[in-house]
There are 2 protein chains.
Amino acid sequence: MAAEDRADPLFVRSVEKAMGILSAFHHAGGPLTLSDLATGAGIDRSAAQRMVHTLRALGYICRDADGHGYLPGLRVLDHTLDYLRLDPLVRQATPVLQELRTAVRERVDLSLFDGPRVVYAVRLQTTRQTLNASLVGHSVPSFCSSGGWAMLSRLPPEQARDIVERSDRRPFTSDTITSVDDVMENIAKTRSDGYALTTNQILSGEIAAAFPIMNAKGEPLAAIHIAGSLADWTPEDYARRVVPPGQAAARTISQY
Amino acid sequence: MAAEDRADPLFVRSVEKAMGILSAFHHAGGPLTLSDLATGAGIDRSAAQRMVHTLRALGYICRDADGHGYLPGLRVLDHTLDYLRLDPLVRQATPVLQELRTAVRERVDLSLFDGPRVVYAVRLQTTRQTLNASLVGHSVPSFCSSGGWAMLSRLPPEQARDIVERSDRRPFTSDTITSVDDVMENIAKTRSDGYALTTNQILSGEIAAAFPIMNAKGEPLAAIHIAGSLADWTPEDYARRVVPPGQAAARTISQY
DNA sequence: GGGCGTGTATTGCATAGCAATATTCTAAAC
DNA sequence: GTTTAGAATATTGCTATGCAATACACGCCC
């Protein structure tokens with residue numbers, strides 16, 4: 001055994017390989033071949049064969065309809081359900097967000113903080129939104145999203161800056177703010193306002209407000225988002241409309 | 001190596017153990033201890049220690065807030081996103097279901113066929129529903145759900161009966177039909193009508209219509225559900241209202 | 001203070017998983 | 001129709017990984 005392998009004798013490399021195979025789909029646009037999966041997971045083709053064979057038997061991977069590649073299997077959704085059912089924040093947030101959506105009549109979401117990204121766990125829908133806007137598990141970078149600014153504003157500024165600096169700051173629209181200094185300026189404004197307001201950062205024409213939710217130690221855990229259209233609102237009117245109920249909802253959820 | 005172990009040399013037992021640990025949460029009501037996870041996965045406590053250690057390192061399991069147990073970790077949702085993004089049926093169904101929801105103004109879902117159960121993959125929301133009604137990954141038994149009757153009706157009757165017979169036919173409400181013969185009678189009616197209509201089977205007061213979606217070989221893949229309240233509708237009025245648009249939507253999705 | 005159940009740590013050993021390699025199959029190109 | 005390339009599948013000897021038995025530390029409860 002190599003010295004570095006003995007460093008963590010409890011770590012099970014086969015499990016890492018299997019999860020690496022499943023993670024190869026993160027960057028996929030469609031079904032993947034065995035070789036694609038091996039390459040994506042950074043492992044040997046033989047190891048990939050064993051992992052795929054095992055994951056298929058367990059229901060986590062399946063053949064696609066014409067037998068030309070592999071896709072994630074239905075068993076994945078069982079674990080999604082466990083996550084959503086068991087996460088205390090998701091459980092207590094959901095009814096509060098439903099009331100908030102009724103009050104403001106715009107799209108309401110809850111995202112969870114994961115350093116350089118925020119991950120959507122609760123997506124409340126309106127009558128029309130993009131497919132991405134309805135998908136649990138969808139994530140966006142913290143540096144250019146309203147939720148990201150909200151949660152980063154609740155970290156010490158050096159820690160927030162570190163996260164922003166090591167983000168992949170590629171723009172989503174022609175208006176996406178990518179300069180570290182400009183992002184930090186907006187985070188500072190969010191800190192003083194108590195909420196974030198973004199325009200055109202992830203989608204052109206979108207305005208989004210976000211309200212941070214902290215744990216008992218004051219660390220950011222999550223954020224409520226309320227997204228609307230710049231076709232319907234000016235930023236000032238939007239803030240006036242959604243900030244009071246958004247802040248109330250965030251306080252209600254943070255109280256638990 | 002035992003003879004039965006040699007039967008499938010490609011199968012990786014450590015991966016099965018790790019997924020077994022994650023699956024222990026399927027029956028959990030809250031955080032689980034290491035011993036709970038070992039018992040739930042049917043493995044030795046030492047093996048459970050290694051699997052939990054590895055899954056924590058990879059983000060699939062985390063400690064709960066007060067450090068007294070373990071919960072599913074956020075990485076689970078990344079794979080959810082992959083499933084939903086990459087499943088061709090989910091992709092093509094989603095815009096069709098959104099139009100259907102606008103047309104009928106009731107709760108619309110897509111569930112996928114998985115033998116004795118149906119798994120919800122697309123949940124379109126109205127202004128009010130239970131938490132279970134919004135969760136991706138939630139499943140219900142085929143024998144007593146509208147989607148189950150819809151999909152079972154598209155199998156040969158012996159195959160459908162086999163699935164019903166080996167289901168755990170416990171009632172959800174005092175009106176849940178659990179007799180195999182009665183279930184098969186309803187499946188026969190669904191076969192002749194072309195759609196399923198259930199009342200009070202999963203939730204008291206709920207009426208649900210379902211429309212099967214088949215693959216190119218005519219095998220059931222999925223079903224569209226439209227759920228409403230018996231407080232608002234008689235079964236006859238409900239069928240009149242939702243069957244034409246529901247069947248049209250199912251035809252549109254099956255055409256691909 | 002003792003017992004119990006929890007999480008964590010250690011270690012020698014056996015076999016599970018490895019990777020190199022071979023084979024088969026299928027689709028596409030010529 | 002044949003050939004080629006890339007796919008999936010199968011085989012096998014070897015060794016390092018994962019195992020399980022065991023010990024230890026900690027916290028809670030009686």
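Note that the coordinates shown come from a computational prediction; the quantities given were computed from them, not determined experimentally.
We find that CE of A:M51 is positioned 9 Å from P of C:dA19, with the value rounded to whole Å. The distance from atom CD1 of B:I21 to atom P of C:dG7 is 11 Å, rounded to the nearest whole Å. The CZ atom of A:F11 sits 18 Å away from the C1' atom of C:dA9 (whole-angstrom rounding). In this structure, B:L10 atom CG and D:dT9 atom C1' are separated by 8 Å, rounded to whole Å. The nearest whole Å value for the distance from the CD atom in A:E16 to the C1' atom in C:dG17 is 15 Å. Distance A:D44 CG to C:dA19 C1': 5 Å, rounded to the nearest Å. At whole-Å resolution of the value, CZ in A:R50 and C1' in D:dA8 are 15 Å apart. Distance A:D8 CG to C:dT11 P: 15 Å, rounded to the nearest Å.
In this model, a donor atom of one side chain and an acceptor atom of the other lie less than 3.5 Å apart for B:S23 and A:R75. Side chain to side chain, A:T33 and A:D36 meet the donor-acceptor criterion of an N or O pair below 3.5 Å. Side-chain contact, B:D82 with A:H26: a donor N or O sits under 3.5 Å from an acceptor N or O.
Here A:H68 lies in heavy-atom contact (under 4.0 Å) with sugar-phosphate atoms only.
Taking the charged nitrogens against the carboxylate oxygens, A:R117 and B:D78 do have a contact shorter than 4.0 Å, which makes a salt bridge. Ion pairing between B:R166 and B:D162 holds under the 4.0 Å rule for side-chain N and carboxylate O.
Each of B:A47 and A:R56 has a nearest nucleotide on DNA chain D; the 5'-most of these lies closest to A:R56. Heavy-atom distances to DNA chain C give each of B:R45 and A:R45 a nearest nucleotide, and the one nearer the 5′ end belongs to B:R45.
If you run side-chain contact (heavy atoms from CB on, under 4.5 Å) between A:L37 and each of A:I43, A:L22, A:V52, only A:V52 comes through.
Under the side-chain hydrogen bond (donor to acceptor under 3.5 Å, both in side chains) criterion, A:H225 pairs with A:S111, A:S146, not counting sequence neighbours.
Dashed line: the shortest gap from a side-chain N or O of A:K17 to OP1 or OP2 of C:dG17 is not under 4.0 Å. Contact annotation: A:R13 side-chain N/O to D:dG18 OP1/OP2 distance is under 4.0 Å. OP1 or OP2 of D:dG18 sits under 4.0 Å from a side-chain N or O of A:S14.
Residues of residues 22-41 of chain B that place a heavy atom closer than 4.0 Å to DNA chain C, in numerical order, are B:T33, B:L34, B:S35.
Interface remark: the A:Q49 side chain does form a donor-acceptor pair with the D:dA10 base, using a distance-only criterion of under 3.5 Å.
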